[in-house]
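So that the names make sense, note that chain A is the first sequence line, chain B the second, and so on, each numbered from 1. We use all heavy atoms of the structure for the numbers below, so side chains are in, but hydrogens, waters and symmetry mates are not.
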Amino acid sequence: MSCMEVIFMDSQSELWRVRLDKLDLFRSKGVEPYADHYARTHMAQDIIENFGELEGQGVKVAGRIMSKRDQGKVIFVHIQDFSGRIQIYIRRDDVGSERFDLISTLDVGDFVGVDGSVFRTKRGEISVHARQVDILSKAMRPLPEKFHGLTNVEMRYRQRYVDLIVNPDVRSVFVTRSKIIRAMREFLENKGFLEVETPTLHTVAGGAAARPFITHHNTLDMDLYLRIALELYLKRLIVGGFEKVYEIGRNFRNEGISIKHNPEFTMMELYQAYANFRDIMELTENMIAYIVEKVHGTLDISYQGEVLHFATPWSRLQMLDGILEYSGVDFRNITDDEEARSAARAQGIHIGEDATRGQIINEFFEEFVEPKLIQPTFVIGHPVEISPLAKRNAQNPAYTDRFEAFAYGRELGNAFSELNDPIDQRKRFEAQMAEREKGDDEAHMMDEDFLRALEYGLPPTGGLGIGIDRLVMLLTDSASIRDVILFPTMRPRDDQASE
RNA sequence: GCGCCACUAGCUCAGCUGGUAGAGCAUCCGACUCUUAAUCGGCAGGUCCACGGUUCGAUCCCGUGGUGGCGCACCA
């Protein structure tokens, strides 16, 4: 099907034809409606903030027309640039009749450059009185209605560019997202961490329990996985002699989509040689507090109607204590798998036939404790079965030196003293392989090269992972992860599918 | 994967018991030289998500499918 046929079949064809005619009109007058450049001197917000000095002065502003009030021989428009909006006052007498006729065909959505002088209207609005109005880019499609804007959630995600034009709050979420990441980098750089980049294409998908995406390299004729975590490559770097590294990067997990899950999401992972999980815990609360303060100017923020207090130190909770408190079940008195399974059945917790005590503890935790952890809290004392990459606790080797950070009942971060005993690590992988044999396709894969790296010696190391998207959700009071990802994963629609 | 809900003009939404659709804004034409959800007058704009079924007749009822939202499951 040719491009033109597509255009004529478009339900907007009437609107489209009118815009085409307008393009022709400009060109017939020798005006190119898609300009090359505009030498702007001021942003909209600058003019508003500095009206005192700028009143009567000449300025050149540029932006998208967001509203238009045509009074025949006078036109008012608001233009929007990245800083905000400013009103433009255009008089037929000032710009010339022929030019004015062209200007009057401009639509909401068009980009213009305006050369004029700053003044205040009779009604009191700071505006630019135009001497010259240049079209910079003609919009062929109409913007959503000015009052209600674009509210259809599906369209907002699919056509985020339109969402961003008409919904200023959306833009500000992503500006905040950028600030959060910048503050995080700032904090880590100040602590002497080095930012690195590791592969996205993995031959072994490791570092987390998750189903990976599979892709294929043609020349090598081999399948590759999109990474599910940054962990294993970053630890190789500690083996290689880097002592403080971090990476902020995209992970991919081939799992369900929800208000908290997008198939691709951003993680920050860091590793620090000679540190243990206690050191990392302190670093974590300090880092998050630094970011919260930097972004909000306070350590108390409101999320979905709850006030969260990020002042350090955050509370610490032993996983088993939490379970006892919220479910009444004391796993210190439950010593084997069978006892744990009957405790689960008694509480109506759904578990596999051969679930281990450690897995059941985790189920109890998620069921009874997690939703209660509204204020920032570190949970410690994770069973070894659910922590295949964490060092065992020296006093009680059934548990690991690990913590997870929670806020608003959601995991914010995960950290541990890294397992640096290559022989124990091999056993843990083997246990994971056994899980995999039993059909758990999210169990860890064996990673021989990672084991080899450990066999060269990994110093004692503390590591941390933080889900950036969830952190951004918290700090922007966003209910859905899709509200903090510019282009969330969506099924293509017929009318948008590529051919 | 399961359940509930939604899908009507470019956008935001009405639409009664089943009689093939309306409004506001935007567009288009006209009026208006300080308006700001500008105002006033007029015209036009529809695959009612798709396909079946029931019916004399379906936007409406039924079924299947699609897309999305939410919940559950999954996701440590």
Expressed as a whole number of angstroms, how long is the span from [X]:[atom1] to [N]:[atom2]?
{"X": "A:I79", "N": "B:rU36", "atom1": "CD1", "atom2": "C1'", "answer": "15 Å"}
{"X": "A:R69", "N": "B:rU35", "atom1": "CZ", "atom2": "P", "answer": "10 Å"}
{"X": "A:Q304", "N": "B:rC70", "atom1": "CD", "atom2": "C1'", "answer": "14 Å"}
{"X": "A:R85", "N": "B:rA37", "atom1": "CZ", "atom2": "C1'", "answer": "12 Å"}

Distance alone, cut at 3.5 Å: any donor-acceptor contact between the side chains of [X] and [Y]?
{"X": "A:Y157", "Y": "A:D483", "value": "yes"}
{"X": "A:N251", "Y": "A:E264", "value": "no"}
{"X": "A:E269", "Y": "A:Y271", "value": "yes"}
{"X": "A:H78", "Y": "A:S67", "value": "yes"}

To the side chain of [X], which of [options] is closest?
{"X": "A:Y157", "options": "B:rC34, B:rG69, B:rC28", "answer": "B:rG69"}
{"X": "A:D70", "options": "B:rC32, B:rG10, B:rU12", "answer": "B:rC32"}
{"X": "A:R158", "options": "B:rG69, B:rU67, B:rC13", "answer": "B:rU67"}
{"X": "A:F119", "options": "B:rC34, B:rU27, B:rU35", "answer": "B:rC34"}
{"X": "A:R491", "options": "B:rC34, B:rG68, B:rG69", "answer": "B:rG68"}
{"X": "A:D107", "options": "B:rC11, B:rG68, B:rC28", "answer": "B:rC28"}
{"X": "A:E145", "options": "B:rC34, B:rC70, B:rU12", "answer": "B:rU12"}
{"X": "A:F76", "options": "B:rU67, B:rC34, B:rU33", "answer": "B:rC34"}
{"X": "A:L150", "options": "B:rC32, B:rG69, B:rU12", "answer": "B:rU12"}
{"X": "A:T121", "options": "B:rU33, B:rC11, B:rU35", "answer": "B:rU35"}

Categorize [X] for me: base, sugar-phosphate, or nothing, with a 4.0 angstrom heavy-atom threshold over every strand shown.
{"X": "A:Q87", "answer": "base"}
{"X": "A:A208", "answer": "nothing"}
{"X": "A:N152", "answer": "sugar-phosphate"}
{"X": "A:K68", "answer": "nothing"}
{"X": "A:H78", "answer": "base"}
{"X": "A:R92", "answer": "nothing"}

Rounding to an integer number of angstrom, what distance separates [N] and [M] when you compare their [atom1] atoms?
{"N": "B:rA23", "M": "B:rG68", "atom1": "P", "value": "32 Å"}
{"N": "B:rC4", "M": "B:rA50", "atom1": "P", "value": "23 Å"}
{"N": "B:rU27", "M": "B:rC43", "atom1": "C1'", "value": "11 Å"}
{"N": "B:rG24", "M": "B:rC34", "atom1": "C1'", "value": "26 Å"}
{"N": "B:rC61", "M": "B:rC28", "atom1": "P", "value": "38 Å"}
{"N": "B:rU39", "M": "B:rC49", "atom1": "C1'", "value": "38 Å"}
{"N": "B:rG53", "M": "B:rG42", "atom1": "C1'", "value": "44 Å"}
{"N": "B:rU55", "M": "B:rC5", "atom1": "C1'", "value": "28 Å"}

Residue [X] excluded, over 12 heavy atoms near [atom1] under 6.0 Å:
{"X": "A:F331", "atom1": "CZ", "answer": "yes"}
{"X": "A:E98", "atom1": "CD", "answer": "no"}
{"X": "A:K29", "atom1": "NZ", "answer": "no"}

Quiz item: So which one's nearest nucleotide on RNA chain B is more toward 5', A:D440 or A:T489?
Solution: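 Its nearest nucleotide being more 5', the pick is A:T489.
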Would you say a side-chain N or O of [X] is under 4.0 Å from OP1 or OP2 of [N]?
{"X": "A:R482", "N": "B:rG69", "result": "yes"}
{"X": "A:T151", "N": "B:rC13", "result": "yes"}
{"X": "A:R120", "N": "B:rU36", "result": "no"}
{"X": "A:K73", "N": "B:rA31", "result": "no"}
{"X": "A:R123", "N": "B:rC34", "result": "no"}
{"X": "A:K122", "N": "B:rC34", "result": "no"}

Quiz prompt | Donor-acceptor pair present, A:E125 side chain and B:rU36 base, under 3.5 Å | solution =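 Indeed, a donor on one side and an acceptor on the other fall under 3.5 Å apart.
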Practice problem: Kindly compute the distance separating CD1 (A:I75) from CZ (A:F100), expressed to the nearest 0.5 Å. | Solution: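 Rounded to the nearest 0.5 Å, the CD1-CZ separation comes to 3.5 Å.
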